[in-house]
2 protein chains.
Amino acid sequence: MARLAAYKQHHEQSEGACAHAIGQSEKAERALAQSEAICRAHGVRLTPIRRKVLETLYATRRPLGAYDLAEALAPDGRRLAPVTIYRALEFLIEQGLAHRLASQNAYIATFHDDHETTAFLICEECGDVNEINPDALSSTLAGLVQAEAFRPHARFLEITGKCSQC
Amino acid sequence: MARLAAYKQHHEQSEGACAHAIGQSEKAERALAQSEAICRAHGVRLTPIRRKVLETLYATRRPLGAYDLAEALAPDGRRLAPVTIYRALEFLIEQGLAHRLASQNAYIATFHDDHETTAFLICEECGDVNEINPDALSSTLAGLVQAEAFRPHARFLEITGKCSQC
DNA sequence: GGCCGAAATGATACTTTGTTGCAAAAACCC
DNA sequence: GGGTTTTTGCAACAAAGTATCATTTCGGCC
Ligand SMILES: [Mn+2]
Ligand SMILES: [Mn+2]
Ligand SMILES: [Zn+2]
Ligand SMILES: [Zn+2]
């Protein structure tokens with residue numbers, strides 16, 4: 001099953017129009033507004049396609065593959081070509097609005113912004129992803145790369161396992 | 001260019017039969033001997049295919065894709081099917097003899113064994129990979145996942161950037 | 001408003017990476 | 001040697017990502 005379909009099914013079964021869904025969608029609204037602001041500040045354009053991809057990532061709150069996104073953005077018919085999705089994702093990642101989860105071949109919206117080191121705890125059971133940005137990890141890592149005279153560019157810190165619920 | 005071909009070309013040009021190549025191949029010999037011991041201890045078999053894959057990873061000392069390995073293992077003709085390579089890699093990873101670099105879609109031999117937390121510094125310029133197993137990182141990470149009541153399984157800690165040489 | 005260069009999107013084909021399912025062979029155990 | 005488990009072979013397939021070039025849209029400028 002595609003990731004998005006799997007998520008929708010779970011969500012309908014387990015929650016329906018649950019209370020916290022409203023809180024979540026409000027969160028997503030705020031995040032989107034802030035994303036607009038960030039793009040304005042960076043002098044780049046959050047075009048309709050890019051915005052829709054970001055909206056979908058925020059709404060789902062789970063890692064989605066590029067092809068999942070293509071499907072999600074074309075419920076009627078006429079789906080976007082893969083390259084279009086990849087270009088939007090590249091943009092969002094450059095602007096710090098999304099992350100690539102390399103271990104999952106998937107992408108997820110940024111929920112805590114303005115951190116140089118982000119790690120993800122990925123539940124293998126329920127698919128939930130917990131983005132953490134602890135200062136302790138940042139400083140530990142900074143010390144290590146400095147000791148090796150390594151100049152870091154991108155970081156992929158992903159830990160799979162079971163979350164507290166599972 | 002395939003990763004293995006690129007590496008070979010670089011290696012021939014920059015070093016030829018250089019002095020430390022002997023030291024490296026001795027290291028690889030020892031690592032292989034130890035791998036045999038580990039498999040015996042685990043009660044699993046380091047079959048010829050698995051051994052050849054591991055040998056190639058040790059000899060190259062760089063991340064190689066599954067298809068690079070298939071090519072490397074069939075210089076004459078008759079290359080192994082992808083699934084055969086993937087099965088060997090799965091085995092080696094299970095036994096802790098190799099790692100998957102998810103951010104590179106590639107695999108690399110384990111050089112420091114018996115560490116629960118391994119991070120890789122991956123140079124985007126020369127392709128060199130530095131495996132580090134610092135206690136500081138292990139304990140920082142252990143604290144974080146414990147705080148989230150997360151039970152970790154696999155860890156993908158990969159940092160791309162420029163190494164001290166580049 | 002019309003024009004221009006730059007940025008973004010569309011269309012199409014293609015490459016690379018990884019998987020499924022089942023059959024044959026080899027190793028292990030007794 | 002016979003039965004079982006493990007490993008490998010084979011073929012087709014699916015998923016993920018990229019290359020190339022044409023077309024459209026946008027932003028600034030006159
Ligand atoms: Mn919910
Ligand atoms: Mn050398
Ligand atoms: Zn879970
Ligand atoms: Zn380098």
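A, B, ... follow the sequence lines: proteins, then strands. Residue 1 opens every chain.
The distance from atom CZ of A:Arg50 to atom P of C:dG10 is 12 Å, rounded to the nearest whole Å. What separates CD1 of B:Ile49 from P of C:dA26 is a distance of 12 Å, to the nearest Å. One can place NZ of A:Lys52 at 11 Å from P of C:dT9, the figure rounded to the nearest angstrom. When rounded to the nearest whole Å, the span between CG of A:Leu80 and P of C:dA11 equals 9 Å. Rounding to whole angstrom units, CG of residue A:Leu64 and P of D:dG17 are separated by 13 Å. A:Glu90 places its CD atom 10 Å from the P atom of C:dA8, with the value rounded to the nearest Å. In this entry the distance linking CG of B:Leu46 with P of C:dA27 reads 14 Å, nearest Å. Protein atom CD1 of A:Ile85 is 13 Å distant from nucleotide atom P of C:dA11, rounded to whole Å.
The only member of B:Glu131, B:His115, B:His99 that meets side chain to side chain donor-acceptor pair (under 3.5 Å) when paired with B:Thr110 is B:His99. Results of the side-chain contact (heavy atoms from CB on, under 4.5 Å) test with B:Gln95 over B:Leu92, B:Ile93, B:Leu97 single out B:Leu97 as the only residue that passes.
The distance from the OG atom of B:Ser35 to the CG atom of B:Leu46 is 7.0 Å, given to the nearest 0.5 Å. One finds the CG atom of B:Leu69 at 9.0 Å from the OH atom of B:Tyr107 (value rounded to the nearest 0.5 Å).
Connection of B:Tyr86 to B:Leu73 is established within a shared hydrophobic cluster, with ILVMFWY side chains joined at heavy-atom distances below 4.5 Å, either directly or through further cluster members.
Residue whose closest nucleotide on DNA chain D sits further toward the 5' end, between B:Pro82 and B:Val44: B:Val44. Remark on DNA chain D: of its neighbouring residues A:Ala106 and B:Ala81, the 5'-side contact belongs to B:Ala81, judged by nearest-heavy-atom nucleotide.
Using a 4.5 Å heavy-atom threshold, the side chains of A:Leu157 and A:Leu137 count as touching.
Across all strands shown, A:Arg79 has no heavy atoms under 4.0 Å from either base or sugar-phosphate atoms.
At a cut-off of 3.5 Å, with distance as the only test, no side-chain donor of B:Asp128 or B:Gln165 sits close to an acceptor on the other residue.
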Report each atom pair, protein N/O against N/O of nucleotides 21-24 of chain D, whose distance is under 3.5 angstrom.
none

Would you tabulate the nitrogen or oxygen pairs shorter than 3.5 Å linking the protein to nucleotides 14-16 of chain D?
residue: D:dA16; atom: OP1; partner: A:Arg3; partner atom: NH2; Å: 3.1
residue: D:dA16; atom: N7; partner: A:Tyr67; partner atom: OH; Å: 3.4

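In this structure, A:Arg45 does not reach the D:dT25 phosphate: none of its side-chain N or O atoms is under 4.0 Å from OP1 or OP2. Taking side-chain N and O atoms only, A:Thr47 has a distance below 4.0 Å to OP1 or OP2 of C:dT9.
Counting heavy atoms of neighbouring residues, nucleotides and ligands inside a 6.0 Å radius, atom CD of B:Glu124 exceeds 12 of them.
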| task | Verify ring pair (Phe, Tyr, Trp, His ring centres under 6.0 Å) between B:Phe120 and B:Phe156, making sure each step is shown before the conclusion. | result | CA-CA 9 Å; B:Phe120 295 94; B:Phe156 299 90; 9.8 Å; no
